[in-house]
Structures are given as C-alpha cells and as structure tokens.
Amino acid sequence: MTDFQRDILIGLMFVVGILGFLSGEFIVSTITFATAAIFSNIVLSRRLLG
C-alpha cells in the first residue's frame, strides 16, 4: 500500500466517522475515529523508524 493510498484510507475513515456522528450512530463513529487514529499512528511511527 502506497503512502497516497494510506492517506486516502485514513481520510475516508475520518469522513465516515463524521457522517456517523452526525447521523446519530455514536458507537460506529467512535470505533471509526479510534481505528483512524490507531492506523494513523502506526503509519507515522513506521515513517519515523524507516
């Protein structure tokens, strides 16, 4: 997976989380935000170590 694809994936998860929050699906949006944050941190730590 390239850096561009990872950035798109994280961005899409963030947008889905916002849409879920606005529609009242608070559990789904919380899980989506958490997944995006964890995935983003994994990608950043890989870039710093690599």
Identify all side-chain donor-acceptor contacts of residues 36-43 below 3.5 Å with residues at least two apart in sequence or on another chain.
residue	atom	partner	partner atom	Å
Asn41	ND2	Ala37	O	3.3

Side-chain donor-acceptor contacts of residues 2-11 below 3.5 Å, not counting sequence neighbours, with atom names and distances?
residue	atom	partner	partner atom	Å
Thr2	OG1	Gln5	N	3.3
Asp3	OD1	Arg6	NH1	3.3
Gln5	OE1	Thr2	N	3.1
Arg6	NH2	Met1	O	3.2

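- For residues 29-42, there are no salt bridge (Lys or Arg N to Asp or Glu O under 4.0 Å) pairs, not counting sequence neighbours.
- Crowding of Ile27 atom CD1: a count of heavy atoms from other residues, nucleotides or ligands under 6.0 Å not exceeding 12.
- Evaluation of the ring-ring contact (aromatic ring centres under 6.0 Å, His included) rule for Phe14 yields Phe33 as partners, not counting sequence neighbours.
- In plain terms, the two heavy atoms of Thr35 and Met13 that are nearest each other are CG2-SD, 3.7 Å.
- Here Thr30 pairs with nothing under the side chain to side chain contact (heavy atoms under 4.5 Å, CB included) rule; sequence neighbours left out.
- Closest approach of Ser29 to Gly17, counting heavy atoms only: CB-O, 3.1 Å.
- Annotation for Val15: hydrophobic cluster partners, listed by chain and number, are Leu19 (ILVMFWY side-chain heavy atoms under 4.5 Å, direct or chained).
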